[in-house]
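Quick notes on the structure that follows.
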Amino acid sequence: MSTTLIPEPDDAQISVVPRRSVWRHLRRDPQAVATAIILIVLFLAGLLSPLISPHDPNAASLDAINLPTGTPGYLLGGDESGRDILSRLLYSFQTATVSALIGASVALAIGVIAGLVGGYFGTAVRSSTEWLFNLIMTFPGLITLIVLLPLTHGDYRWTMLVLGVLMSPGTYRIVRNLVLGVKKELYIDAAKVSGLGDVRILARHVLFAVRGPIIVNTAFLMGSAIAAQSGLAFLGVGAKDVPSFGLMIYSGFNNIYASPLQFVWPCISLGIFTGCLVLFGNSLRDAFSGPRIKRQKPAQGLRLVTSAIPTSVVTATVERDDEPMLAIEDLGISFPGTTGAREVVKGVSLTVDQGEVVGLVGESGSGKTQTAFAVLGVLAPEARVTRGSVRLEGRELVGLSESALRSLRGRVVSYIPQEPMSNLDPSFTVGSQLTERVRHTLRVSRRAARQTVLDLLARVEIPDPPRVFRSYPHQISGGMAQRVLIAGAVACRPRLLIADEPTTALDVTVQAEILDLLRDLQKEFGMAILLVTHNFGVVADICDRIAVMRGGEIVETGVTREVFRAPRHAYTRGLLDAILDEGAPAGGDASTVGAGR
Amino acid sequence: MFRSPARRRFRVAAVAAALAVALPLAACSAGNPSSGSGSSTSSTATDTLNLAIPPSALTLDPALMQPTVSRYIWGSIYESLAYWDPKTGAVTPWAAKKWTYSPDGKTLTIELRNGLTFSDGSAVHASDVAATINRSVNTAGYIQSIDTAVDSAEATNDKTVVVHFKNYDPKWVSLLGREAGVIAKASDLNSPDIATNPIGSGPYTLDTKATVAGTKYVLQKRKDYWDAKAFPFKTINITITNDPTAQLNAFKAGQVNATAVTAQQAAAAKAVSGATVTQTTASTMYWLLFLDKYGKSANPEFKDVRVRQAVNYALDREGIAKKLLQGYATPTDQVFFPSREVFDSKLEKVYAYNPAKAKKLLAAAGYPDGFTIEIPSSQATTQFEPTLSQELGAVGIKLKWVPIPESQTASIILTGQYQLYLKQSGIVSDPYTAALYFTPQGGTVNPEKYTDPTITDLYDKITTTVDTDKSLAIYKELNKYAVDQALAAPVTMTSGLWATSQGVTFVDRAGLPADIRQFGVAGK
Amino acid sequence: MLAYVLRRLLIGVVLAVLVTFITYLLLSGSFRDMVSTLLGPDVTAADITRRTHALGYDRPVVVQYVDWLGHAVRGDLGTSLFTSSAVAPTVLSHIVVTMSIVFPALLIAVILSVTLGVWAASRSGAPDRIAQSISLVGHVIPALLTAIVLVVVFAVELKIFPATGFVQFIDSPVGWLRSVTLPVVVLVIAGMASITAQVRGSMIEELSKDYVRTLRTAGLPARSIVLKHALRNAGSPALTVISLEFISLFSHSVIIENVFALPGFGSFAFSSAQNIDVPVIMGVTLVSVVLVTVINLIADVANGYLNPKARLH
Amino acid sequence: MSALLAVDQLRVRFGTGKRATEVLHGVSFEIAPSETLGLVGESGSGKTTIGRTVLGLVKAHSGAVSFDGRDITSAGRRERRALAKDIQVVFQDPYSSLNPAMAIGDILSEPLIMQGVSRRDARARVRTLLDQVGLPSDATDRRPQEFSGGQRQRVAIARALAPEPRLIVCDEPVSALDLTTQARVLDLFAEIQQRTGVAYLFISHDLAVVRHISDRACVLYRGDIVETGQVDDVISRPTHAYTRRLILAAPVADPDRQAERRRERRRLLDLERSTEAVA
């Protein structure tokens, strides 16, 4: 037996920041409520066992030996020594509770303090805590506990103390990793700038920030401690005068052929106790990782959820030459919220002609990105199209199946995301990701696909295509990653490119290059582009037409130059006014001076 | 909350699990007749004995072997000079033809049987016997601790061994049937393999290929063995099994055809078709030792004979034997073997269950409110702890069980840290060993080396009386004195239970240490 | 890569020395107890002293430890004081038994859990409920209960599988299979709970990431997105749980080994600790440290393979 | 005019031994009281590192940082605590710079209490501060996540103002904000400076923002200051090629002017390339 006694839950998914809604989230989670109630009942049963037990748990009556379940006075029967099983079961809950408390608090005390210190201070401190916990982790736990029996005198409380130490590396690792993350948070820097001491920062800011995962970890630690205590008692390590599940299971197991129920009662009790702790811990983790909206069946295709289907949807399915590249009509998209569905796109209408570049402009939360996702058919699973139509070269997308949409994606319509890094699969090389795309859409051999990709990388002006081809996403710069994504998007010469803030995450000099690239590609392939952005400079640079969105509605559309010159809507005017370079400097040669957004 | 699916799932799971366990178990404890049909699944051909035993020290070094269940292994590979007849308990010559004591009991002459051979084919010489004895006497180990009286052994010719003693040791002849009497090959004694692959002259050889040390031992019968008919099994498979339930499972599944079972398991074992459960003569004694009869420790209570008697009166021996041990035990208040000569049935009535009297005695001794005493707890005491706490607690002696590691059960007694101890010991049928318990030579039974003039006097008489008939009376006197003085508080003598499958028989009527001769083939 | 592995192994060696030394220190208080157990029931203090001296357990602890270490470095772990068999081969033979149940169990558990977890994450509804129920059952029903039910039903009553014991693979592959089936099933049920939950959780998280949407916009089929891309990225945290589960299965096998009377590493370690069979405890401790080090190293190397960012140069 | 903050030949290295990389190669500048110095550069230029070195969050490898004539390059914890009264910070990310677990009132009063202000006085001061940055005084009991990005940045500014500092390091304080919010927050910065006379070290990648708020500006390129001067001079008459490229890369919200700039930028790039080729 080595390392910790019970595997630690993974902490990767635990978000650092506990949210206020944790309590509310827990109350709504049936699993949390059920397990919490069971746990409270069991804790109470343990706590009150001296009061509610019908017998002393160690009182052995020779007349009560192996009494069957249901005997008056011995509700669950007597065990092989003539002790009341119900009383022993109740006291076992107490033992389990005490074990859980001791084991978990020792592990927490050691793991949390060392984790805070090891994560917060420099590498020298960390490497020494690392060594210490690696050492503890490598100890064969069961052997250690048996060897230490002369010191613990078999008292389960001392044993749990040792166990707590043995379990502490798991907690340490969780806390250390969290602290390493929290340490980078700016509010820690702000606290340092305010002159706060390390201890105060650790106690007030860091500990507070990581408390969520620690609470979650506590539930798992308690479960582990109970399981370990039972396991040890079952194996006969430790004192026998304190009733515990392990002891009861041991005697029940040896008596299993004579009266199987003696085995089943403690087994089930233990299972429910530890199981509830683990499940409650899972619920806690869900609660701390934020209000995850009840998962629904992932959207298959782009389905309309209202019964009233607009006539246009039914009629306009025939492909015609004079159809615009993209025609969005009265599109509505809603998300389920805490107070019912919330519409984020409220009847948007927009057209993009063949080969035309249209800018969709708005501030954050205006619904521009959701509109773009709707065209691609990649709305979040919980999002619902409530009304309207989206036609791509005359073909209605609303109501189309996922597979039909899939055949359009990458071939007819393509996508460039905002954040280049998070949109590349971190586990595959750039080359393999692009090759997969090309092979899938063009149905060519691996070798041909590879050549195509290398040509594409050269086309998007990547200096050393073979090197980038071999690189993983984290090995290339953001600008380079965006070029890679563009290469992927134009690989199959789509007729419509949806670019969602394609330059926002980039430096201005890189932004200018990417815009140049997009413009060149657009001319070369005759693509239409729907460019989602908040930057009027970008719009001015590349867009033929512009649509301004606010609060899920389009407030103004028009030819770019005209809208800039004479915005009709007050909101557009306000936006343009907020641009800082208005009032060009004196002697302004517009082409050489003045900068702005 | 009752609508919550999680809760419902719990209930379903719990009920399902309970049913899953209860149904088949109930079925088999009720004696499911179909369970016997598995007789064809494993080789129940009666030339193979498949034996399951619990783990114990398993060395095959002739100087370090111990009288545990491991004797099924080493007792089959090595021949002893004598064996204990499982039916009568008598020490019977085996490799020896006969033995004679000198009048002062300090010289024992042993004559070997003809035709003894080691498994490598060489003949057994008297020098092999002498070499084995001398090595054991000079090697720190269990045998050395029981061979204390032996000075040396020598071979006077090919067939004669003379053992010289420092003083007369009345029990030594009986030891010839135990580990002290084994014969190893002199030239093999210094081999590094002796502890794992020795050369013996016994009826079986160790199949080292099939054997996994500490786990599984396979014994093959020697074709050339001189007394082949006494050992009916061609092959003996001995598996070491930690868990009693696993042992029973193996028996019920037909994997083993002989295993010891607990009282609680007896019914389930009997339910197997064709199986027999045999109760041995009482084989193990549980007795409370008073380790501070001089009253030197911080808890001098047991110095007072009235306190010791109170403990004896507080024990409901009948109840313990009948109920706790389900009848597979014999209540007793003396330590001499029941069916043998020293045992005195009149003494059995001395300490009839009488808590009131116990209380009175305690009060008289100055403990009207009783006292609390620490007592070591180990695997062996588990079964008795609740009942002893209850019964002694009822008269005012509160027991505080202190768990000690299995490995320390012997040494903890020697430290003098405890004043009371529940001892589990194999019953010895020779009176001398039992008598020793009450003398300073009592080892872990009497670590304080307690004695008084009466005991000293009786012990001197025993060690100087070589004539068995005369010594018997002295033993009886000692027994009576020990009971009257409550030098110990015997609780019960438990019987072993052995389950054997159809075709395999088991005999034990003599309180024997483990011996492969206990197993036989039905009808032979 | 090689340098990294060597460095990790070196750390493992240092840890092994530290752990074994501390263990020896802790054991040193019990040497006389061990000898008294060795000598049997009726020993005297003098016997114990004599035998302790004969075995060399009365020398200074550090001297004894250095002596042990010197032999251990040469692959000689001494002989058991209780069975007189050499420790190294005995430990190995017990590890083989435990590996025979833990490894297949983990393999099956991983295959089933990943299948189930992926299925649950990519299709909510019934699959998700099935996955969660399996986690629930795995968490709530103790392995001991599963074990005894399986033994009673399949071994005692139906006699399909043996109730106890282990058959070496080389002796009889079929016998081996029959002897490990029930324990493997028990461990699979126990192991699946946490792995399924983990895989389900990380898959749900992974599938909600940006790159998954971008892959969808490329027109890639769902199968490729889920099984190739998301699963690989979800693999990294799952791997940690799997390696911990492996260590935990290995170290907690003692109870299952007892029920099935398997001569495994867990029960071997347990009984050696109970007897304070010092050479065996030291061997078992050493092997545990090596095992933990190697498993962690394998997990980290595998993690580096799955997750290029974690790759060390 | 004596400098409030003087940075002299500052070098900063990350990592140790062979793997050490120098991110600042000897940077020097000064800030006068009540002055705003803009620090412009792209990612990786080292502009944030300069700010963090001034704040004592990063150790200088060589060179000196002095405040008010005092060398604070390697100030200890105690000295830093004293300095906290004079030098404060507003970070870029208003989501990460406020502890999500603390109420606004606690966030604001904590540094004051550290400075030895009594709780009661601190509470009063917090109300004034909130008023100064245009937040309602009932904000004290609420937590950061209940506020929008712009409001949070106001809280961060209030925190920086709390000890009445003489210098605030502003590290990209508006780049995470929407256009309209950005303008309003910049106005707040300007107004505070007018009222309190605080000096700003204003770090940004956005020339327009720097130009809007700064008196002088430094352009940072790969760990070196390539150009320093009055902000209008730097932007209207850039002397360094990088500054010129930076200015031209930023698109303007006018299609015609932007088309012109694009042509100009391309011309410049071609020119650079050809000179490189010649050289």
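Residue numbering restarts at 1 for every chain, and letters A, B, ... go by the order of the sequence lines. Remember, it's a predicted structure, so these values are computed and weren't measured experimentally.
Ranked by heavy-atom pairs under 4.5 Å with chain B, the list A:Asp155, A:Val237, A:Asn254 is led by A:Asn254. The greatest number of non-hydrogen atom pairs below 4.5 Å with chain A, out of B:Thr262, B:Thr381, B:Thr382, B:Ile320, is found for B:Thr382. Note: B:Asp243 leads B:Val402, B:Asp243, B:Asp316 in heavy-atom pairs under 4.5 Å with chain A.
In summary, the side chains of A:Asp29 and A:Ser283 do present a donor paired with an acceptor at a separation below 3.5 Å, with no hydrogens or angles considered.
Using a 4.5 Å cut-off on side-chain heavy atoms (C-beta onward), A:Tyr74 and A:Pro54 make no contact. Counting heavy atoms from C-beta outward, B:Gln383 and B:Leu325 have side chains that approach closer than 4.5 Å. In this structure, the side chains of A:Trp265 and A:Ile85 come closer than 4.5 Å at one or more pairs of heavy atoms.
With a 4.5 angstrom heavy-atom cutoff, A:Asp56 does not touch chain B via any of its atoms. Contacts of A:Ile65 with chain B are made by side-chain atoms alone, with heavy-atom separations under 4.5 Å and no backbone atom involved. Only the side chain of B:Leu248 comes within contact range of chain A, with heavy atoms under 4.5 Å apart. At a 4.5 Å heavy-atom cutoff, the contact between B:Ser377 and chain A is made by backbone and side-chain atoms alike.
To the nearest 0.5 Å, atoms CG (B:Leu392) and NZ (B:Lys398) are separated by 11.0 Å. Taking CD of B:Gln424 as the reference point, atom CH2 of B:Trp287 lies at 12.5 Å (rounded to 0.5 Å).
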